[in-house]
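Take a look at the structure set out below.
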Amino acid sequence: MLRAFLDYHRATLAMKCEGLGDEELRSRSMPPSTLSLLGLVRHMAEVERTWFRRVFEDQDIPMVWSDKIDFQAAYDASNSTRAEAFGAWEAEVEHSRRIEREAESLDLAGHQPRWGEDVSLRMVMLHMIHEYARHNGHADLLREGIDGTVGA
């Protein structure tokens, strides 16, 4: 059930971006925010990478768009393209799905150094569902702004 719900939210983010070109995907919300649909896709690539690979598998790998642990760096999609952002995001999603499939149990744990605690794959997946649900809400508003339906 967790896998299906997480995939539902992943598909929802992709659906919010369907039919849009690079310029529309880079379209930002109201100032001072720099949030865009492409920035959300980039951010979720970082979140997938961090929680599944860095936390759960304890891989010592860099973030995708930041030399330090800065999730905000991914939001700056001003020079990004659909191909770049979606390529990175889809690669991280596939890696996460492999981890999910190969896990003997959702109770297997990785270590979250910021908290100094072990976290189960189940908790990682619940966290990811929460992240996607929250950001898909932002994606709704961004898409409305692009489609011109805000206030209609």
Minimum heavy-atom separation for [X] to [Y], with atom names?
{"X": "Glu48", "Y": "Ser96", "answer": "OE1-OG, 2.7 Å"}
{"X": "Ser120", "Y": "Leu106", "answer": "CB-O, 3.5 Å"}
{"X": "Tyr75", "Y": "Ser36", "answer": "O-OG, 4.4 Å"}

Geometric class of the His43/His135 ring pair [parallel <30°, tilted 30-60°, perpendicular >60°]: perpendicular
Aromatic ring pairing Phe5/Tyr8, orientation class (parallel under 30°, perpendicular over 60°, tilted between): parallel
Between [X] and [Y], is any pair of side-chain heavy atoms under 4.5 Å apart?
{"X": "Ser80", "Y": "Trp65", "answer": "no"}
{"X": "Phe56", "Y": "Met123", "answer": "no"}
{"X": "Tyr132", "Y": "Met44", "answer": "yes"}
{"X": "His9", "Y": "Leu13", "answer": "no"}
{"X": "Leu2", "Y": "Met128", "answer": "no"}
{"X": "Glu92", "Y": "Arg53", "answer": "yes"}

Report the distance from atom [atom1] of [X] to atom [atom2] of [Y], rounding to the nearest 0.5 Å.
{"X": "Cys17", "Y": "Leu38", "atom1": "SG", "atom2": "CG", "result": "7.5 Å"}
{"X": "Asp76", "Y": "Leu35", "atom1": "CG", "atom2": "CG", "result": "11.5 Å"}
{"X": "Ser27", "Y": "Leu37", "atom1": "OG", "atom2": "CG", "result": "8.0 Å"}
{"X": "Leu108", "Y": "Glu57", "atom1": "CG", "atom2": "CD", "result": "11.0 Å"}
{"X": "Leu40", "Y": "Asn136", "atom1": "CG", "atom2": "CG", "result": "8.5 Å"}
{"X": "Asp60", "Y": "Arg54", "atom1": "CG", "atom2": "CZ", "result": "7.5 Å"}

Test side-chain contact (heavy atoms from CB on, under 4.5 Å) applied to Arg98 and Phe52, step by step: CA-CA 10 Å; Arg98 182 195 55 77; Phe52 283 97; over 6 Å; no
Please check: side-chain N/O of [X] versus main-chain N/O of [Y], any donor-acceptor pairing under 3.5 Å?
{"X": "Arg82", "Y": "Leu20", "value": "yes"}
{"X": "Glu24", "Y": "Gly21", "value": "yes"}
{"X": "Glu46", "Y": "Met63", "value": "no"}

Worked check of side-chain contact (heavy atoms from CB on, under 4.5 Å) between Arg122 and Leu126: CA-CA 6 Å; Arg122 180 184 324 279; Leu126 285 168; 4.3 Å; yes
Arg143/Asp140 ion pair, N-O < 4.0 Å: no
Ionic contact status for Glu100 with Arg97, cut-off 4.0 Å: no
Arg26 vs Glu23, salt bridge (charged side-chain N to carboxylate O under 4.0 Å, His left out): CA-CA, chis, key distance, verdict: CA-CA 5 Å; Arg26 285 191 298 262; Glu23 187 174 324; 5.7 Å; no
Candidate pair Val64 and Arg42, rule side-chain contact (heavy atoms from CB on, under 4.5 Å), full reasoning: CA-CA 9 Å; Val64 182; Arg42 287 166 46 106; over 6 Å; no
More than 12 heavy atoms of other groups within 6.0 Å of Glu102 CD: yes
Other residues, nucleotides, ligands: >12 heavy atoms within 6.0 Å of Asp107 CG: yes
